[in-house]
Amino acid sequence: MEAIRVELPDGSIREVAEGISVFEVARSISEGLASQSVAAKVDGHLVDVSSTLDRDCRLELITLNSEDGLDVYRHSAAHLMAHAVKDLFGGEVQVTIGPSIENGFYYDFYSDTHKFTPEEFEKIESRMAELAKADLPIEREEMTRDSAIELFRQMGESYKVKLIEDLPNETVSLYRQGEFVDLCRGPHLPSTGKIKAFKLTSLAGAYWRGDEKNAMLQRIYATAFPDKKQLKAYLDKLEEARKRDHRKLGRELDLFSFNDEAGAGLVIWHPKGALLRTVLEDFERKEHLRRGYDIVMGPQILRTDLWKTSGHYENYRENMYFTEVDEQSYGIKPMNCLAHMLIYKSKKRSYRDLPLRFFELGTVHRHEKSGVLHGLLRVRGFTQDDAHILCTPDQLDGEIKGVLRFVQDVMKIFGFEYEMEISTRPEKSIGSDVDWERATSALMSALKDSGLPFEVNEGDGAFYGPKIDIKLKDALDRRWQCATIQCDFTLPDRFDLSYVGPDGEKHRPVMVHRVIVGAIERFVGVLIEHYAGNFPLWLSPVQARVVNVTDRQADYAREVTQLLREAGIRVDSDLRNEKLGYKIREAQIEKIPYMLVIGDKEVEEGTLSPRHRSGDSLNAMKPDEFIQLVQDECRLYH
RNA sequence: GCUGGCGUAGCUCAAUAGGUAGAGCAGCUGACUUGUAAUCAGCAGGUUGCGGGUUCAAUUCCUGUCGCCAGCUCCA
């Protein structure tokens, strides 16, 4: 038997016998490492710890401390769940696929006779626990496609048969634990006993292979962690996130509502929500003006012919609202670019005019499918902080970089984490190859210049151009697309936009379509969850509330309220005949940053005593001092 | 749009194996004049989302519709 050389991540080399298992190599390093290893990477490929080494290689042992390790763990937990389900429901249920996902895993089952219910979760969980306790070895087998197809056909697992039939491989791998066998690439844990903490969380429908034309499967979601403590921490975090749900806080803070009779996905902004939104919009206008944008406004409806010119009618008419008056058809705008194009066309443009940056807080309506609506995060009527930049090809790079900086500045103000993605040409698209390449490379170079990491989504672009998407992370760690930067070489063509160059010739301007926060509705929803309703002072719809101790101070309290209001502070007052503690409690629940207490002492001294929602009380101060304090605190943000 | 679940007072939730609904909070009235997260008492509040069907009787069962929730698909 020959010796082979195994290189470990620390650079050290081990000489071992050919045919040795990964587990044995780990054990030769330490018993602890051997028992902690759940898988390994051999020359970068994930394998089981039971796999053997037959040539010189690089070996990295994978433990539960790594993402790869957790992935293997959760994938094995998915098999454990499928095993338990097959044990309990046998021939009624067919297995399909069950991958690991962030924080857990799911498994899709098919059955035309059995409908899973959450009441069965406990039963499945305890069967899983029994199977884990039995510590069944998880063994890998390889066989030819044909024999695997035959095996699963005999077991009545037609979905597995379909999967194998679509695999290009000559041989496929199976994993067996006790009676249960599943088609799987692996790797897996060495035995079921390694699985210590899991919980079934929810039940949902999912299409076979994610295609809505296919059969609907029953998906069971679950979470799994290396130990019970981590599982509990995760479940606690989910609970905390539920408390921050913007739909719940939106009602509790009286920011907005929806109404069945008004229609689904249409936000009704209450006074405090509308004020919050107004503050955001004022912020937007200011930030755009100082970056050289022009504020413009277009109409809510435009003639349908114009949507045909733009290509939107062709591509998106199922999602547009239309209206007809005097035998004239109008489309309710699903986006704001058309009016901006018309502004550009309203006179002859010179290269000296460019770049033009038209900004509009534009309200649009899109008929989103009913099932996708979700609080403020996915609605049918919304307002974008939309702008269209028209520039020369030479200016494109600089403009895109400017927008990226803008996005970064704004995200910093709100303290958001985000991810960036670039999306390239989709199948359903218009425009020439040359244009697409030029636009894509402009976006790519701006991203590279920013020095921030980004992902590439091939074929995910808009029909009229490639784009950069920026996704925020909310309290539930869900990603929400907010900012987007989209190049567009086609709309200027369709509208025959031009400018006169230094050469006296007509040229086509380049167009960039971009939003910074995206839909204000969605952004407010994300903000509510981000801050758990505790908006920073500059954003808070109500910044302070004046509360009196008894009726005796009512007149002075009114005077102070008026004074602060005139100074531009968003203040209200609670002069009801209630105990101070009661009024404080209410203001606290409303998450108002400052409560201004006024009793006999304050009246006498001409002061007010602020209490912050954190519970801290400040010393009594003159109203002027409080105004200064608010102004200083607001300036901290931007 | 699809699959599954759900819809009772402003909110959170009870109740009915089919016999026309109840509590807390909020609201209103009164008393209390109160110093940093709930003063007490009383009153009022519902065609049980909406339409149709079965039934002596429907909030409960069936059906349609609207809406909500979870997920899938989608998101110019």
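Every chain is numbered from 1 and lettered A, B, ... according to where its sequence line falls, protein lines coming before strand lines.
Remark: the A:Ser111 side chain and the A:Gln218 side chain contain no N/O donor-acceptor pair separated by less than 3.5 Å.
Qualifying side chain to side chain contact (heavy atoms under 4.5 Å, CB included) partners for A:Ala483, counting only residues two or more places apart in sequence or in other chains: A:Val407, A:Ile470. A search for side chain to side chain contact (heavy atoms under 4.5 Å, CB included) contacts involving A:Glu252 returns A:Lys248, A:Leu249, not counting sequence neighbours. Partners of A:Glu368 by side chain to side chain donor-acceptor pair (under 3.5 Å), not counting sequence neighbours, listed by chain and number: A:Arg378. A:Lys591 meets the salt bridge (Lys or Arg N to Asp or Glu O under 4.0 Å) test with no other residue; sequence neighbours excluded. With sequence neighbours excluded, the residues forming a side chain to side chain contact (heavy atoms under 4.5 Å, CB included) with A:Pro299 are A:Leu302, A:Ala339, listed by chain and number. Residues passing the side chain to side chain contact (heavy atoms under 4.5 Å, CB included) test with A:Glu421 are A:Glu455, A:Asn457, A:Lys471, sequence neighbours excluded.
Here the two rings, on A:Phe416 and A:Phe523, have centers that are under 6.0 Å apart.
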Protein-nucleotides 11-14 of chain B N/O pairs under 3.5 Å:
from, atom 1, to, atom 2, distance (Å)
B:U12, OP1, A:Arg251, NH2, 3.1

Using a cutoff of under 3.5 Å, can you pull out all pairs of nitrogen or oxygen atoms linking the protein to nucleotides 5-8 of chain B, with atom names and distances?
none

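Distances shown here put a side-chain N or O of A:Tyr221 below 4.0 Å from the OP1 or OP2 atom of B:C72. Close to B:A70, at under 4.0 Å from its OP1 or OP2, lies a side-chain N or O of A:His374. Neither OP1 nor OP2 of B:A70 sits under 4.0 Å from any side-chain N or O of A:Arg219.
Among the protein residues, A:Asn315 comes within range of no part of the nucleic acid, since none of its heavy atoms lies under 4.0 Å from any strand. Note on A:Lys467: only backbone sugar-phosphate atoms sit closer than 4.0 angstrom, heavy atoms only; bases stay farther off. Using a 4.0 Å heavy-atom criterion, one finds that A:Tyr464 contacts the sugar-phosphate atoms exclusively.
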Under 3.5 Å donor-acceptor pairs involving side-chain atoms of residues 199-210 of chain A, not counting sequence neighbours:
from, atom 1, to, atom 2, distance (Å)
A:Thr201, OG1, A:Tyr221, O, 3.1
A:Arg209, NH1, A:Asp166, OD2, 2.6
A:Arg209, NH2, A:Asp166, OD2, 3.2

Name every donor-acceptor pair, under 3.5 Å, that has one atom in a side chain of residues 256-267 of chain A and the other anywhere in the protein, sequence neighbours excluded.
from, atom 1, to, atom 2, distance (Å)
A:Ser257, OG, A:His270, NE2, 2.8
A:Asn259, OD1, A:Glu261, N, 2.7
A:Asn259, OD1, A:Ala262, N, 3.2

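Of the candidates B:G35, B:C2, B:A76, B:C2 carries the atom nearest the A:Tyr207 side chain, counting heavy atoms from C-beta on. Listed nucleotides B:C74, B:U33, B:A76 differ in distance to A:Thr550; the shortest reach to its side chain belongs to B:U33. Residue A:Ala264 places its side chain closer to B:G67 than to any other of B:A76, B:G67, B:G71.
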With sugar-phosphate taken as primed atoms, P, OP1 and OP2 and all else as base, the protein-contact string of nucleotides 36-48 of chain B at under 4.0 Å (heavy atoms; B, S, -) is BBBB---------
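For A:Arg219 and A:Tyr106, the positive end sits near the middle of the six-membered ring, less than 6.0 Å away and at most 45° from its axis. A cation-pi arrangement is not found for A:Lys237 relative to A:Tyr234, the charged atom failing to lie both closer than 6.0 Å to the ring centre and inside a 45° cone about the ring normal.
Place A:Pro334 and A:Leu217 on RNA chain B by their nearest nucleotides, and A:Leu217 ends up nearer the 5' end.
Within 6.0 Å of the CD atom in A:Glu239, the count of heavy atoms belonging to other residues, nucleotides or ligands exceeds 12. The number of heavy atoms from other shown groups lying within 6.0 Å of CZ (A:Arg303) does not exceed 12.
Helical stems in RNA chain B, defined as runs of 3 or more consecutive Watson-Crick or G-U wobble pairs with both donor-acceptor distances under 3.5 Å, are listed by first residue as B:1-7 with B:66-72, B:10-13 with B:22-25, B:27-31 with B:39-43, B:49-53 with B:61-65.
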